[in-house]
Amino acid sequence: MRLYEYESKMLLEKYGIPLPKRILVKTPEEAAKAVEELGGKAVIKAQVLTGGRGKAGGIKIANSPEEAKKLTEEILKMKINDFPVVAVLVEELLNIDKELFLACTYDEVAKQRIMLISDAGGVDINEVVEKDPSRVYREWFNPFYGMMAFKAKKMADFLKLPKDADRALQSVIMRLYNLAVDYDTTLAEINPLVLTKDGKIVAADAHIEIEDDAMYRQQQRLEGMGIHDRPSTPREPTEFEKLAEENDMSDHRGVAGRAIDFGGSLGCIIGAGGGSLTTFDAILRYGGNPANYCEVGGNPPVKKVYGLAKLVLSKPGVKGLLVCHNVYSNSRVDLVARGVIKAMLDLGINPAEYPVVYRGAGAFEEDGYAILRKYGVRYYDRRLGMDQAAKLAVEMLKLIEEKEKEGKSLEEAQKEVAQYIKTEEFVKKVLGEEVAKKVLEGL
Amino acid sequence: MGVFVKVEVNPEKCKEAEKLVEICPVDIFAVKDGKVVVVEENEDECTFCNLCVQYCPEGVKYTKLY
Ligand SMILES: Nc1ncnc2c1ncn2[C@@H]1O[C@H](COP(=O)(O)OP(=O)(O)OP(=O)(O)O)[C@@H](O)[C@H]1O
Ligand code: SF4
Ligand SMILES: [Mg+2]
């Protein structure tokens with residue numbers, strides 16, 4: 001569960017982490033009054049369950065109560081990444097010397113908590129750190145030992161701050177760690193952690209997420225602080241998501257749903273939780289523009305795959321399809337193929353002329369391949385990685401969109417690309433000669 | 001008929017209609033006027049589990065249409 005900034009700061013306060021003075025308000029008039037209380041100048045901060053508020057115009061400086069009123073009025077009307085602004089935090093304007101970054105999260109591979117610290121805090125942290133990873137220092141924490149002072153010192157020393165600030169930083173590091181453990185957070189992030197001109201360390205922003213599976217033991221005390229449980233995606237489900245949910249609920253067997261609307265052009269029918277997530281990440285990494293996320297697993301009946309495929313294929317903006325399943329999705333390749341092909345036929349789509357990258361592996365794969373062959377769909381087996389499948393699909397979409405730019409109709413573009421992607425040339429171009437040879441041999 | 005699987009049943013040879021309804025895991029059989037019939041809209045769900053054939057070898061047959 002993600003907390004709002006003001007809620008996250010309530011937790012930081014409880015752990016004694018220094019914070020700017022602040023007042024939570026819900027109306028422009030209250031904001032004006034709050035700014036007056038804070039000395040006539042303040043930062044107006046949108047309270048919203050998503051990041052990038054600053055860049056979206058959700059963080060503004062008010063130089064007078066009147067200005068605060070006007071800014072608050074605007075900010076309260078805003079939606080950021082589709083999330084509504086529910087309130088405004090009026091906050092003491094800090095005199096910033098440096099913006100630092102401090103976070104405690106969980107390293108799934110090491111199975112340990114990890115803390116990250118950097119002197120590249122602020123709204124551009126991602127860009128800066130991507131260019132220069134050496135600006136982040138990481139420290140792992142064995143749960144048997146927990147936080148130890150020397151680790152906090154090592155982390156703080158990385159930033160080479162003046163002595164007093166360094167001490168204060170060590171204290172913040174230890175406190176944030178304790179908070180993270182006590183509250184079962186998956187993320188406790190302070191960005192920016194500000195070094196003020198007078199040498200103080202103050203948390204100017206806070207972003208805390210609590211493990212959903214730990215809510216059973218956290219809910220009560222969070223409620224006690226006025227922090228209520230909420231769905232992880234507070235935006236209203238779209239029509240597509242509602243229909244997908246309905247389709248998935250229509251039968252208890254297996255999953256063909258958990259669909260999330262992304263509004264792009266690459267329709268996705270991908271298999272199993274982990275497999276879906278990694279494939280989805282790969283699509284984004286290759287610069288793709290997915291229309292949806294979804295999960296198919298545990299052998300859903302054909303009609304559920306059919307229902308999902310139909311929704312994805314008829315989703316406005318979808319120009320091509322990626323069907324990608326790993327062996328561990330525990331779903332029969334033939335049943336998935338039946339659902340997908342049937343959806344195409346019902347929508348009047350000729351599978352042989354539709355741009356689709358199809359990668360399936362697992363039980364009954366020979367039957368699945370036989371179906372795909374019959375309908376003229378180029379398929380790949382387990383020799384093609386899920387990551388490579390994502391890359392092929394992203395390139396396929398790029399080709400379609402290029403042809404559209406050349407003035408071809410979508411239908412023409414789809415038809416031409418559907419043929420081209422079946423050639424060895426395409427696979428070679430995208431994945432290289434060696435991989436192409438390996439994945440195409442015998443198909 | 002399904003798109004991928006055709007299931008045929010001869011009600012004269014499979015007299016115990018309810019039994020077929022009971023054993024098919026994906027509801028491909030139903031009873032109509034005391035006789036077993038194939039539910040066409042479910043035909044494509046057939047998992048080839050073969051239980052129906054084991055139960056009534058002379059009267060049931062499923063065919064892959066690919
Ligand atoms: N109290 C404050 N005083 C002075 N400057 C502030 C204060 N709070 C925020 N800022 C400035 O505004 C920037 C953005 O603020 P903040 O980090 O709260 O929002 P954000 O990072 O854009 O939002 P999100 O964390 O949702 O991505 C900070 O990096 C900092 O420069
Ligand atoms: S093979 Fe199994 S799934 Fe198919 S019709 Fe017979 S009992 Fe039903
Ligand atoms: Mg921030």
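Convention: sequence-line order gives letters A, B, ...; per-chain numbering from 1. Every value quoted in this text rests on a predicted model; they were computed, and no experiment measured them.
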Asker: Do other residues, nucleotides or ligands put more than 12 heavy atoms under 6.0 Å from the CD atom of B:Q54?
Answerer: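 Yes, CD of B:Q54 has more than 12 neighbouring heavy atoms, counting only those of other groups under 6.0 Å.
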Asker: CG/B:N42 to NZ/A:K303 distance, rounded to the nearest 0.5 angstrom?
Answerer: 6.5 Å
Asker: Around A:E433, counting heavy atoms of other residues, nucleotides and ligands shown, do more than 12 lie under 6.0 Å from its CD?
Answerer: no
Asker: Should the heavy atoms of other residues, nucleotides or ligands under 6.0 Å from NZ of A:K415 be counted, would the total exceed 12?
Answerer: no
Asker: Parallel, tilted or perpendicular: which fits the ring planes of A:Y375 and B:F4, with parallel below 30° and perpendicular above 60°?
Answerer: perpendicular
Asker: B:D44 and salt bridge (Lys or Arg N to Asp or Glu O under 4.0 Å): which partner among A:R338, A:K304, A:K342?
Answerer: A:K342
Asker: Can you tell me how far CD of B:E45 sits from CZ of A:R253, rounded to the nearest 0.5 angstrom?
Answerer: 6.0 Å
Asker: Could you walk me through whether B:F48 and A:D367 pass the side-chain contact (heavy atoms from CB on, under 4.5 Å) check?
Answerer: CA-CA 11 Å; B:F48 313 140; A:D367 277 86; 3.8 Å; yes
Asker: So does A:K422 have more than 12 non-hydrogen atoms from other groups sitting under 6.0 Å from NZ?
Answerer: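 Yes - once you tally the heavy atoms of other residues, nucleotides and ligands closer than 6.0 Å, there are more than 12.
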Asker: For a 4.5 angstrom cut-off between non-hydrogen side-chain atoms, does A:I341 reach B:V3?
Answerer: no
